[in-house]
**Student:** 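Attaching a single structure in structure tokens format; questions to follow.
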Amino acid sequence: MTQTNNNMTVNPDLAMERAKCNFNVLEVTHIFDGGERNTLQRKKIEDVALNSGASKDALGEEHMSPKEKYENAVRKSCIYATMMKNELAELSGLESFGVSSPVIRRTADAFFKEVSPFLLHLGMFVPTIMGQCTPEQQSYWLPRALDMQIIGTYAQTELGHGTFIRGLETTATYDPETEEFVLHSPTLSSYKWWAGGLGKTVNYCIVVAQLYTKGECHGTHPFIVQIRDEDTHVPLPGIKVGEIGPKMGFNTADNGFLGFDHYRIPREHMLMKNAQVLKDGTYVKVARHGKLTYGTMVFVRVVLVNEVAFNLAKASTIAVRYSAIRRQSKPKPDEVEPQILDYVTQQHKLFIAIATAHALQLCSTWLWESFSAVLAQMKGGNTDTLPEFHALSSCLKAISTSDSAHLIEQCRHACGGHGYMISSGIPNLYNFVSATRTYEGDYTVLLLQTARFLVKAYEQAEAKKPLTPTVSYLAHAFSGSRATWDNSPDGIIRSFQALAAGKTAVCVTNMRKRMRAGLSQVDAWEMSTIQLVAAAEAHCRAVIADTYRKEIVRLTANSSPNVKVVMDQLTTLYLYYWALERTGDLLMFTSVSQKDLVDLQIAYEELLLKIRPNAVGLVDAFDLRDELLHSTLGSYDGRVYERLMEEALKSPMNKEPVSDAYSKYLRPMMKGKL
Ligand SMILES: CCCCC/C=C\C/C=C\C/C=C\C=C\C(=O)SCCNC(=O)CCNC(=O)[C@H](O)C(C)(C)COP(=O)(O)OP(=O)(O)OC[C@H]1O[C@@H](n2cnc3c(N)ncnc32)[C@H](O)[C@@H]1OP(=O)(O)O
Ligand SMILES: Cc1cc2nc3c(=O)[nH]c(=O)nc-3n(C[C@H](O)[C@H](O)[C@H](O)COP(=O)(O)OP(=O)(O)OC[C@H]3O[C@@H](n4cnc5c(N)ncnc54)[C@H](O)[C@@H]3O)c2cc1C
């Protein structure tokens, strides 16, 4: 593995771990990156972006005031944007800045401990222009946005509504006299709230508003709206805009609020790919599917699976390296204190994080390819695969973000007290990833979308109608007998599918019972939602397990024997872990016995021991440069205690020997003079 500094002194425990590793680390890096070509390209990009030191701060971000933090993040965003225009675009094979890629995204993380104020420009503003504009609109807006002549965000959520998009209150009323839309915020709850970069950074935004023309409401539609002067950056008349205040994370993203007072925009600023308003105010629906205006959200949900896999890889790298250098307790009085990585409970906390990072990374690539296929079909006017894809991207977004947030927190637990330090890097990772569970569609809400699809698919299976690929397993849901337990990887995946089918069947049965007892369909659904969420979760686990397994078998077909073994161990660990987490469900829906589960627990514990010697090699294979980790605990050289002390000494609290608080408060109080 290449490191920036080849002459570094490495902690002896880490050096020992690396010597012990029995597989070719670089081969696994290639698997994680999706091939050797991608690894080489990523490294080139990282070298150009990071070797100059431009990503570094003189003073740690954590010691800055909110205003300083924001300004520093803007400064670095501009440096990175300029690099992208000049050097990185060509290297990454991108035509121009703005059409970002996962590699560009992950490299940018070296510049920010939290996030860039440009995240929404790249993540949602540009993709909305690409996905929701007519070709003429695109040719006007896209070059300006890609060249960063304008900076934008995506303002959909309001104070009163985030989940329920149809409930948004901002209005866009067409005035045929002037050929303009009048944007208005009729209530406090209609104020836009949350959009990243809106507070201070952007001068444009996509606004989602209820469209009225000829006195009729046509539902929510996207508009491109200038909110600040292109030269002075002063908010335009009729616009009330500001920043929403401190948050658990995202503190460099200047999330903002926005209100309109009868603010006028030209007719052409409605994004008209899917629906149009003609000059005389006639409304014309173009799209075949009613939910195509939700396209940017679907795109980001797909991107997020990759995003959280990467962040989980970072957290597990930090926690595993730290666990290799940390020694604690003395279970055997005559021996030295063991590395905490030798505790089986520690391995139980950490190895699932490594396996999940792999599982999600491979699922994200597969999901991206499926998304590209759906988009290609839709270009030809066919939206048949969209419902299945919506169900799939919804549950994968929900489960990947939730699992990653949980496992990053578990990595923090695994680092004891030092994991609680901001300088460990883990709190910032957690704060970032825990937000992903909520934004772009809340966890429960998205799983209920998947459940809608599962219930429909179940009914199709019942009627012996054809099923789409991700739910084809439902065809076996009516055999009447419990699925046969078999602890082979394929057997466990079949059991996960049996759980999903069984849970869906229970929901359908309960809803039907409730309806027969007099409940309306809506109430019967509502009463079953705990189980519906569980069914969607089970379905998603089956999809992840199946995809992970198939992809690893495919990707390691030509790998060296030891790489095959260690990759197989990780996938098996993932399957055993989730089977053991769901023993109650397995007992309900498969033929598994108590003895089978006891045997599985033992097999799981033995697997942890097999993976143990390769643990550091496995996280080294994520190939995360120190600049990306921002961690005192996780650096490649393992100089943990030195770095913790160096960081502590940087604290402004240590600048003076006696704090002003002594003379102001402590002394008077202690001398009884307060
Ligand atoms: C390039 C670099 C990228 C880097 C990326 C890194 C980070 C990410 C970037 C930015 C993130 C930071 C900020 C975050 C931004 C945001 O959060 S933006 C706001 C996001 N908001 C949401 O996600 C709202 C969630 N709500 C919804 O999606 C929908 O309202 C909901 C699905 C809940 C329901 O919609 P509704 O209109 O009420 O529909 P129904 O429940 O009535 O369902 C009707 C049918 O429509 C189907 N459907 C719903 N959504 C879709 C869809 N997207 N596509 C296709 N179909 C859809 C639904 O299944 C129903 O179908 P049936 O009637 O069952 O057949
Ligand atoms: C860091 C961050 C950045 C964001 N950035 C942006 C942005 O740039 N642009 C933007 O437009 N928005 C943004 N958002 C807003 C985000 O999209 C919403 O917060 C998110 O979609 C959740 O909606 P909500 O806040 O209305 O939650 P609510 O819907 O109020 O959820 C609250 C609770 O109610 C439950 N609930 C709601 N509806 C149902 C239901 N039908 N059935 C069962 N349970 C339900 C949820 O599960 C949850 O437990 C951001 C949010 C965060 C945290």
Side-chain angles (χ1 to χ4, degrees), residues 94 98-106 108-109 114-116 118-128 130 152-168 192-199 202 205-208 219-220 244 247-251 253-256 258 289-308 310-311 374 378 383 385-394 397-398 401 431-456 525-526 529-530 532-533:
L94 303 171
V99 193
S100 199
S101 74
V103 176
I104 293 289
R105 258 290 303 132
R106 73 178 258 179
D109 273 9
E114 294 197 44
V115 295
S116 163
F118 294 174
L119 182 70
L120 264 285
H121 176 81
L122 293 175
M124 295 194 82
F125 183 70
V126 169
T128 306
M130 294 172 84
T153 184
Y154 185 86
Q156 177 174 290
T157 306
E158 298 174 354
L159 254 180
H161 291 93
T163 292
F164 184 50
I165 303 172
R166 284 183 287 137
L168 296 178
K192 293 294 172 190
W193 196 267
W194 269 122
L198 177 62
V202 307
C205 56
I206 304 296
V207 171
V208 178
T220 58
I244 63 173
K247 294 142 296 187
M248 192 170 143
F250 271 74
N251 284 303
D254 68 305
N255 296 81
L258 173 66
H289 193 283
K291 301 294 176 189
L292 291 186
T293 51
Y294 293 176
T296 310
M297 289 182 283
V298 176
F299 161 76
V300 180
R301 286 170 196 156
V302 172
V303 171
L304 280 173
V305 182
N306 185 268
E307 188 74 15
V308 294
F310 173 49
N311 283 291
V374 172
M378 289 202 308
T383 56
T385 49
L386 187 60
E388 181 183 31
F389 190 77
H390 168 56
L392 185 63
S393 55
S394 293
K397 185 274 184 188
T401 57
N431 290 340
F432 177 72
V433 171
S434 71
T436 63
R437 185 182 146 128
T438 299
Y439 68 64
E440 225 60 73
D442 161 79
Y443 173 85
T444 308
V445 168
L446 289 188
L447 285 180
L448 287 173
Q449 287 289 307
T450 306
R452 257 173 105 111
F453 182 78
L454 282 180
V455 168
K456 279 188 195 168
W525 171 272
E526 180 56 38
T529 45
I530 298 173
L532 284 161
V533 166

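Indexing begins at 1, ligand by ligand and atom by atom, following the structure's order.
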**Student:** Taking only heavy atoms of T163, which atoms of ligand 1 are found under 4.0 Å from at least one of them?
**Tutor:** 24 (C), 25 (C), 26 (N), 27 (C), 29 (C), 30 (O), 33 (C)
**Student:** Hey, is ligand 1 close enough to T157 that some N/O pair sits below 3.5 Å?
**Tutor:**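 The answer is no, given that T157 and ligand 1 share no N or O pair closer than 3.5 Å.
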**Student:** Give the numbers and elements of all ligand 1 atoms closer than 4.0 Å to a heavy atom of R105.
**Tutor:** 2 (C), 4 (C)
**Student:** Taking atom 51 (C) of ligand 2 as the reference point, report whether a protein heavy atom occurs under 4.0 Å from it.
**Tutor:**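 There is a protein heavy atom less than 4.0 Å from atom 51 (C) of ligand 2.
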**Student:** Looking only at heavy atoms, is any part of T529 under 4.0 Å from ligand 2, and if so is it the side chain, the backbone, or both, or is it neither?
**Tutor:**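 Contact part for T529 vs ligand 2: neither.
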**Student:** Do any N/O atoms on E440 end up under 3.5 angstrom from N/O atoms on ligand 1?
**Tutor:** yes
**Student:** Which of the numbered atoms in ligand 1 are under 4.0 angstrom from any heavy atom belonging to V303?
**Tutor:** 3 (C), 4 (C), 5 (C)
**Student:** Nearest protein heavy-atom contact for atom 47 (O) of ligand 2: which residue, which atom, what distance?
**Tutor:** D442 OD2, 2.5 Å
**Student:** Nearest protein heavy atom to atom 9 (N) of ligand 2, by residue and atom, and its distance?
**Tutor:** Y154 O, 2.8 Å
**Student:** Considering only heavy atoms from C-beta outward, does the side chain of W194 approach that of K247 to under 4.5 Å?
**Tutor:** yes
**Student:** What atoms of ligand 1 come closer than 4.0 angstrom to any heavy atom of G162?
**Tutor:**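 Contacts of ligand 1 toward G162, numbered from 1: 24 (C).
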**Student:** Could I get the full list of ring pair (Phe, Tyr, Trp, His ring centres under 6.0 Å) partners for F250, not counting sequence neighbours?
**Tutor:**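 Expected list: F432, Y439.
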**Student:** Would you mind running through ligand 1 and noting each atom that sits below 4.0 Å from a heavy atom of V298?
**Tutor:**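 Going through ligand 1 atom by atom, the ones under 4.0 Å from V298 are 53 (N).
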**Student:** Taking heavy atoms and a distance under 4.0 Å, where does V300 meet ligand 1: side chain, backbone, both or neither?
**Tutor:** side chain
**Student:** Name the closest protein heavy atom to atom 29 (O) of ligand 2, giving the residue it belongs to and the distance to 0.1 Å.
**Tutor:**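 Result for atom 29 (O) of ligand 2: T163 OG1, 2.5 Å.
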**Student:** Counting from 1, what ligand 2 atoms have a heavy atom of Q156 closer than 4.0 Å?
**Tutor:** 11 (O)
**Student:** Going by distance only, is there an N or O of G441 that falls short of 3.5 Å from an N or O of ligand 1?
**Tutor:**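 Such a contact does occur with ligand 1.
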**Student:** Are side-chain heavy atoms of T529 and T444 found at a separation under 4.5 Å?
**Tutor:** no
**Student:** Side chain, backbone, both or neither: which part of E440 has a heavy atom under 4.0 Å from ligand 2?
**Tutor:**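 For E440, the contact with ligand 2 is made by the backbone alone.
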**Student:** Heavy atoms only: which of K397, R452, R301 is nearest to atom 28 (O) of ligand 1?
**Tutor:**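 The nearest heavy atom belongs to R301.
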**Student:** Sequence neighbours left out, what passes ring pair (Phe, Tyr, Trp, His ring centres under 6.0 Å) with Y154? Give chain and number order.
**Tutor:** none
**Student:** Judged on heavy-atom distance to atom 59 (O) of ligand 1, which of Q449, E388, E307, K291 sits nearest?
**Tutor:** Q449
**Student:** If you take all heavy atoms of G441 and K397, which pair is closest and at what distance?
**Tutor:** O-NZ, 2.7 Å
**Student:** Are any of the N/O atoms in Y439 less than 3.5 Å from those in ligand 2?
**Tutor:** no
**Student:** Does any non-hydrogen side-chain atom of V202 lie less than 4.5 Å from one of H121?
**Tutor:**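 H121 does not reach V202 side chain to side chain.
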**Student:** If you count the atoms of ligand 2 from 1 in the order shown, which ones are under 4.0 Å from a heavy atom of T444?
**Tutor:**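 Those atoms are 47 (O).
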**Student:** Within a distance under 4.0 Å of any heavy atom of L120, pick out the atoms of ligand 1 and give their elements.
**Tutor:** 10 (C), 12 (C), 13 (C)
**Student:** For Y154 and ligand 1, does the shortest N/O to N/O distance drop below 3.5 Å?
**Tutor:**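 Among all N and O atoms of Y154, none is under 3.5 Å from an N or O of ligand 1.
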**Student:** Tell me which protein heavy atom sits closest to atom 25 (O) of ligand 2, plus the residue, atom name and distance to 0.1 Å.
**Tutor:**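 For atom 25 (O) of ligand 2, the nearest protein heavy atom is G162 CA, 4.7 Å.
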**Student:** State, with a plain yes or no, whether a side-chain heavy atom of R105 is found less than 4.5 Å away from one of V303.
**Tutor:**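 Side-chain contact under 4.5 Å: no.
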**Student:** Within a distance under 4.0 Å of any heavy atom of M124, pick out the atoms of ligand 1 and give their elements.
**Tutor:**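 With M124 as reference, the close atoms of ligand 1 come out as 15 (C), 18 (S).
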**Student:** Say whether S394 and T450, considering side chains only, have a donor N or O and an acceptor N or O under 3.5 Å apart.
**Tutor:** no
**Student:** Restricting to non-hydrogen atoms, name the atom on A253 and the atom on V115 that form the minimum distance, rounded to 0.1 Å.
**Tutor:** CB-CG2, 3.4 Å
**Student:** For the 3.5 Å polar cut-off, considering only N or O atoms, please tell me whether H289 and ligand 1 meet it.
**Tutor:** no
**Student:** In terms of atom number and element, which parts of ligand 1 are under 4.0 angstrom from non-hydrogen atoms of V445?
**Tutor:**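 So the answer, numbered in order with elements, is 33 (C).
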**Student:** Where is the nearest protein heavy atom to atom 14 (N) of ligand 2: which residue, which atom, and how far?
**Tutor:** W194 CB, 3.5 Å
**Student:** Can you pull out the closest protein heavy atom to atom 22 (C) of ligand 2? Residue, atom name and distance to 0.1 Å, please.
**Tutor:**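 The protein heavy atom lying closest is T438 O, 3.8 Å.
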**Student:** Got the closest protein heavy atom to atom 11 (O) of ligand 2, with its distance?
**Tutor:**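 Here the closest protein heavy atom is T157 N, 2.8 Å.
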**Student:** Backbone or side chain, does any N or O of K456 fall under 3.5 Å from an N or O of ligand 1?
**Tutor:**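 So ligand 1 has an N or O lying under 3.5 Å from an N or O of K456.
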**Student:** Among all protein heavy atoms, pick the one closest to atom 36 (N) of ligand 2 and tell me residue, atom and distance.
**Tutor:** V445 CG2, 4.0 Å
**Student:** Looking only at heavy atoms, is any part of L198 under 4.0 Å from ligand 2, and if so is it the side chain, the backbone, or both, or is it neither?
**Tutor:**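 Neither; nothing of L198 gets under 4.0 Å from ligand 2.
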**Student:** Within the structure, does at least one protein heavy atom fall under 4.0 Å of atom 17 (O) of ligand 2?
**Tutor:** yes
